[in-house]
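The figures here come from the full heavy-atom set of this structure, side chains too, leaving out hydrogens, waters and symmetry mates. By convention in this document, chain letters (A, B, ...) are assigned in the order of the sequence lines, proteins followed by strands, and residues within each chain are numbered from 1.
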Amino acid sequence: MVALPKEITVEESYLEGGGLWGWLTTTDHKRIGVLYGLTTLVFLLIGGIEALLMRIQLARPDNTFLSAHLYNEMFTMHGTTMIFLVVMPVGLGFFANFIVPLQIGARDVAFPRLNALSYWIFLFGALVLNAGWLANVAPNAGWFGYANLTESYYSPGLNIDFWTLGLLISGVGSVMAAVNLLATVINMRAPGMTFMRMPLFVWSVMVMFVLILVAFPPLTVGLIFLMMDRFFGTHFYRAVAGATPLLWQHLFWLFGHPEVYIMVLPAFGIMSEIVPTFSRKPLYGYPVMAYSTALIGFLSYGVWAHHMFAVGMGPVADSAFALTSMLIAIPTGIKIFSWIATMWGGDLKMKTPFLFALAFLIQFTMGGLSGVMHAQPPIDLQQTDSYFVVAHFHYVLFGGAAFALLGGLYYWWPKVTGRLLDERLGRWNFWTIVIGFNLTFFPMHIMGAEGMPRRVYRYPGDMGLNSLNMLSTIGAFLMAFSVLILLINIYKTRRRGAVAGPDPWDGRTLEWSIPSPPPAYNFKNIPLVRARDAFWREKYGYEQPPTAAPAPAAAQAVEHIHMPPPSLYPILIAAGITMTGIGFMLWPRIVVTGLVLTVFSAIAMAFEYPEAGAESEASIGPATGLDTRKVGIWCFIGSESLFFASLIATYMIYKGRDLVGPTAETILNVPLTTTTTFVLLMSSLTMVLAQDAYRRTDRTWGLRWLFVTIVLGLIFLGGQVYEFASFYHEGLTLQTNLFGETFYTMVGFHGAHVAIGVIVLAVLAGASLAGWFKVRNRDVAVEAAALYWHFVDIVWVVIFSVVYLMRAIAKA
Amino acid sequence: MSSASIRAAIHTLLAGVFAALLSGCDPRRFPGSTFAPRSDMAHWVEAVYFEVIGWDGLILILICVLVFLCLTRFSTRASEDQPKPPPPHPEYLGLEVAWTVGPALILLFIAVPSLRIVFRTQQSAPPTNALIINVTAHQWWWQFDYPSMGIHTANEVHIPVDRPVRFLLNSTDVIHSFWIPAMGGKRDVVPGHVNELTFTPQVTGEYIGECAEFCGLSHANMRFRVFVQSRVAFDDWRANQAGGPRLPTGGPARAGEQVYVTSACTTCHAIAGYSSGYIGPNLTHFASRTTFAGSTLRNTPQNLAAWLENPQALKPGAQMPALGLRGTELNDLVAYLESLK
Amino acid sequence: MTSQAETAGGVGPQHQSRTLAYLVVAGLLAILTAMEVWASYIHALRPILVPLLVVLSGAKFALVVLFYMHLHYDSWTFSAIFLPALLIAVIVVISLVALMVRFFAGF
Amino acid sequence: MEDLHPSVIIGVLALAALYIGAVRASGRRVTPFQAAAFAGALIVMLLALCGPIDELEDDRLFVAHMAQHLMLCLLMPPLLLLGLTDWMVRPLLLNRWVRPAARLLFNPLVAFLGYNAMLVAVHGPRLYDLMCRDDAVHITIHLVMMAAGVMLWWPLFSPLRELPRLNYPAQILYLFLLLIPMAAVAAPISFATSVIYPWYLEGPHPFGIAPLADQVAGGLLMWVGAGFYVICVATLIFYQWAQRDDCDDPVVRRTTDLRAAKSH
């Protein structure tokens, strides 16, 4: 099926046309953003209902409204839903996806079909997470699912399987979206849009994308270990085998703490848009703000163990992590003061978005300050796992992130739909939710300080907690009422609201220079950016338009706009991945079907459009001159580095702790592996030669070297299969000991990467035979594959040293 | 409207904090309070706590005042429709330096005492006269063993006042967390790793302890009690606990003894001289405890009978099965257990 | 940018030298691997084996990244994407291993 | 006053004399900032090598020794480089004999690897212990440290256009990458369960600090303290970059040209 791109000549809103089929196969970042928005709204309601049920249960001491079992499912799913299915995707999928291309002056994201794929994978992952409700086996071990409670011995049901699988699948979607959007920010910026001129929202979400790329791999590795423990009887988190459940905590919080910033950074970005706009001043201290954003991202990666002060890591580790955690307060403080300085001396316009921003300032500060409290290990020992922490992170994530996101919703709603939300209902919405929020969560500080642990389905009546809990429940219902007002506002204004026009708020950034809702192609002419706040400066005459108009930009006339064509394959791939996962868990029979569907659709999507012009992916960045595909693959490689780092760290941690069976010293066959290592290194040489040949358009030699590379890859894999088989015969299985499980997992995952590389190369070879490379500029596909291949090679360089050559080195 | 409301909200919040801090120190109203320190460790923690609260309060007030001033001085409402040039926007480097260095200094002030306490509360060698108590966490109850005294008990721990006590924490199943709010801070109980918690209780009394780490279905029902006793009272208790079980005197108790010996209870529970199960709590001096079942039930005959009839109804997921005892058998067993002072 | 120019220009003199560089790198990789394996068998080198292997495999890693993955030739942007990720990966490994080894030793 | 090492004083005075002499002889001027920076470098050197820090270091205080090293490697060289002017350095480095060596040593990659090789080597237990016991070795190592420090900071604060600085984002990346080897050396020291360097176990420890606690403090000083310092320097560089970038019109022109080239 060959669908040529639609040549767009009329200026019609992106919302019009296409019907249901159009929405299912859409690759327009704005439509995908809207899909994300609707999905997260549904999950917001689900998560909110879960919260209400919990608050009803806790309204009175020793209540019996919910059983212990149901309550545990509620708080687990409330946390998981709000974090993974609401706050993060609304920032990543809705705001970033919709706004980033508009703010950087791009027509779409870097990889539009990958964008659709991310959404569908996220949606299916979310459905898997919630599928447990159907049989009352919803996940029930808390949103951070501490091992070893999640091991099959202590959680025998399907509950944890749904959780693991749902998170793995939706995590894949998040990483894809982050790769895509990071490549967009790096490479799709309009000419003149330097990093120091990007709107701060783009800066914030850019840091967020980086954090997603480096934070999700440890979670993925942790979940894979958990799955292997549950399905294959390994002992990654089991003390009886010499391992420790704390490994899970480290891997999880390596993800979990950056995740907090993944949720909060879009809120920072939104604040940095709303505050200047409604103060009618440029953002105070722009470079400082940009840098503090980046610094927060960087530091957030070095503080994970402050979630573990109570586990007994020792005073040195406690102090180190206390210090790094406190450091984060400095850039965060800078941001808060800069927002206030932006307001100072401005013309403050008290519209709903700004009200939310003001509430954010106070409430987020409170959340941050209570965070400084439990950055102190002694205080943390009193507060952790109590309701004080519940209060703290709700002040950060609800009073902070969610308030800013709501402000952002009011702010960009006219751009998304073309109509303003009602201001009066907006104020009602604001005041009810502010009061409800503080009524719900402020008492929780006190509850925690008075000794109420979190995650208890009941509490005794004699601890002085009764009235506080009742207050909290009342607040929760007030918030629910407020959400109802929001829904009414959306419903009322969708058809009858005031028409917004392109620039309802006196905006500063490029998205306000185009119609609301924007046409499918966003910008008729790609803008030329001459300063920060480009649109605002030109509006107020700070920048004189250049006398000689940028001729090349104007020359790119409307009829040359190529929009990404719709594609059915994203949804098919997502379905295939989900089928594989579900099959793995419940019905092994459908695993093969799922895999076939995934691989087939992926290959079909790669070659969907024979015309080079149809691939907007093939574009060269207008400001950088780099090929977007290469930018994308490098971002992905960055993410993969963390994946293998987690595996290698686990191997090194567990090295020498085996209680039984063969170990590295006794079993490894170095001569054989030296040979296969050499083979793999030489395959990198042939790969680079193949790529070089394709670049010279010498397809004959390219194909030859490609074949040699494939053969060398297969030899390496053969060596690995032989090695595994011989170890198996010598009595080393996956379950034998810690060496067995870490070795097979790490080396096996590396082997799987080689195997995928071989498949990719084989597909490219096939395409080459079919003449696909005759079209200009397609050799970058080989280069992208080559980068991946070399990366797998350097991972092996490390594994070879760590596993094989350091086999006999004792632990310090 | 907005500025007045915000001011009111701020007042309410501050008043709330203040009231909470004051009333929170009353352990009669709040037996689980973290603001009623009763040990050396709890005092150290509280000192850091108050220092941070003080700084936090100052910063919060500063920010609220700044936001409030912005609102009162710079709000414009009437001029919405008349476009006018944007206000000037100067930037001052000194200001930026100030709000970078200021918080950094405050953090330094906080960090120094805080880290001193970190090292003071986690010393690798215990004080020489420390009473060592082994704590074993189970789903969902606490086992306490005094290795130097040969005492085994559950869910209620007795310690002498003014003598350092060192809890060695171990778990047989999942991760739990050992928390006595009045004694200053919790410590996780991690399977495969012995954690330590050392402090010197300073005031006699009965204190609440809880499991703070989610540990499965009945996490909420995993509480315990700490009795800090004078030296004399502790010695009395110790003398009683170290001895064997009381022999049943009355008729029902004697009959209950037979019920116990012939029942499935013996596979899981220990009564010195009768059975040596170790899955469930040691019952040798069961009646000397004020509570049972993860310290969630008062130790009365009625409660005990209800518990024996259907443990899962009172503590979901409890490992103890319903033994199907009815009528006299049940009453006899209750009488026997309640005789084990 | 380089790749574009060369695609347009076809085979240039620059190309010959790159192929040569690829071959030299392959030779170096082979030699370094041989040295690594050899060192791992020498008992006298045991005490310094770990730093030695770190240096040798680090050199291999750098060679592949710089030449085969073109960071040496390509735009600086790609290094700016990859190096921070590598930085975080290395710090994660170091800190995790240090923390856990200490934890297992009992503090 | 036995802690006022004459060699240090003489060295510092000689450097000061050379600097003043160079300014006098050339008849050119240095800015007050440059003079202050150079004086700062000399003062840091003096403070590190004479006086209480040095005395405590001799008295077996690991954390003082660590502070001394950090001052010599991370604080002194940037000040020194900022204090120098191009016309001072050019004749020293760009003559026929030194030029190739300078070109090699001040290449960012070589400088980075060289400095970190020094860092790793010095903290090896053998060499470290030898350094503590033997004064000659100790002085040599301090000189090597300062030299390696100058190499390390050259790509950031080079006074010479011929051996240029990295561009701003690369400078920031360079500094962040510096955190890796620092963590790699400091983490094992902080987390070690025993005293690594036997020197600190022999003889009394000042202020009654336990040697292990001292070692932990030293490790943390290098890890968190020096890490914080490096991040601060990166921050300053970022500000410089930000100041420069927004008024950079050629960027626009360059990218416009590129588009023009492409569309033709």
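- Contacts between C:Met69 and chain A at a heavy-atom distance below 4.5 Å involve backbone atoms as well as side-chain atoms.
- Proximity to chain A involves both the backbone and the side chain of C:Leu96, based on heavy atoms less than 4.5 angstrom apart.
- Taking 4.5 Å as the heavy-atom cut-off, the residues of residues 301-309 of chain A that approach chain C are A:Tyr301, A:Trp304, ordered by number.
- Of the listed residues (C:Leu32, C:Val54, C:Val37), the one with the most heavy-atom contacts under 4.5 Å to chain A is C:Val37.
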Practice prompt. Go through A:Arg695 and A:Glu783 one step at a time and tell me if the salt bridge (charged side-chain N to carboxylate O under 4.0 Å, His left out) criterion holds.
Written response: CA-CA 9 Å; A:Arg695 200 175 48 178; A:Glu783 189 170 1; 5.8 Å; no
Practice prompt. Report the C-alpha separation of A:Met687 and A:Val782 in whole Å, then their side-chain angles, then the decisive distance to 0.1 Å, and conclude whether the side-chain contact (heavy atoms from CB on, under 4.5 Å) test is met.
Written response: CA-CA 9 Å; A:Met687 185 73 237; A:Val782 181; 4.0 Å; yes
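- In terms of heavy-atom pairs under 4.5 angstrom with chain C, the leader among A:Asn187, A:Val688, A:Leu689, A:Leu251 is A:Val688.
- Looking at A:Val797, the atoms closer than 4.5 Å to chain C (heavy atoms on both sides) sit in the backbone and in the side chain alike.
- Your options are A:Ile648, A:Val214, A:Thr673, A:Val670, and the one with the most heavy-atom pairs under 4.5 Å with chain C is A:Val670.
- Between chain A and the options C:Leu86, C:Val90, C:Leu71, C:Ile91, heavy-atom pairs under 4.5 Å are most frequent for C:Leu71.
- A:Thr676 contributes atom OG1, which lies 7.5 Å from atom CZ of A:Phe800 (distance to the nearest 0.5 angstrom).
- Remark: A:Lys630 engages C:Asp74 in a salt bridge, criterion side-chain N to carboxylate O under 4.0 Å.
- In this structure, no portion of C:Leu52 lies under 4.5 Å from any heavy atom of chain A.
- A:Arg807 contributes no side-chain N or O that, together with a main-chain N or O of A:Glu665, makes up a donor-acceptor pair within less than 3.5 Å.
- Legend: residues meeting ring pair (Phe, Tyr, Trp, His ring centres under 6.0 Å) with C:Trp76, ordered by chain and number and at least two apart, are absent.
- The contact between C:Leu29 and chain A is made by backbone and side chain atoms together, counting heavy-atom distances below 4.5 Å.
- Note on ring orientation: taking the six-membered ring where Trp is involved, the planes of C:His72 and C:Phe67 are tilted (angle from 30° to 60°).
- Looking at A:His257 and A:Ser300, their side chains never bring a donor and an acceptor atom within 3.5 Å of each other.
- Taking the ring centroids of A:Phe216 and A:Phe255, they lie under the 6.0 Å cut-off.
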Discussion item. Determine whether A:Ser684 and A:Trp789 satisfy the following criterion, side chain to side chain donor-acceptor pair (under 3.5 Å), listing intermediate values before the conclusion.
Written reply: CA-CA 7 Å; A:Ser684 259; A:Trp789 187 265; 4.6 Å; no
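- The closest side-chain donor-acceptor pair between A:Thr677 and A:Trp796 falls under 3.5 angstrom.
- Proximity to chain A among residues 57-64 of chain C is limited to C:Ser57, C:Lys60, C:Phe61, C:Val64, judged by heavy-atom separations below 4.5 angstrom.
- The ring pair (Phe, Tyr, Trp, His ring centres under 6.0 Å) test applied to A:Trp248 returns A:Tyr237, A:Phe252, not counting sequence neighbours.
- Using a 4.5 Å cut-off between heavy atoms, A:Phe643 does not touch chain C at all.
- Remark: side-chain polar atoms of A:Thr675 are paired, donor with acceptor, to backbone N or O of A:Pro671 under 3.5 angstrom.
- The backbone N or O of A:Phe236 lies less than 3.5 Å from a partner atom in the side chain of A:Tyr654, making a donor-acceptor pair.
- The distance from the CH2 atom of A:Trp705 to the OG atom of A:Ser683 is 12.0 Å, given to the nearest 0.5 Å.
- Contacts between C:Leu56 and chain A at a heavy-atom distance below 4.5 Å are absent for every atom of the residue.
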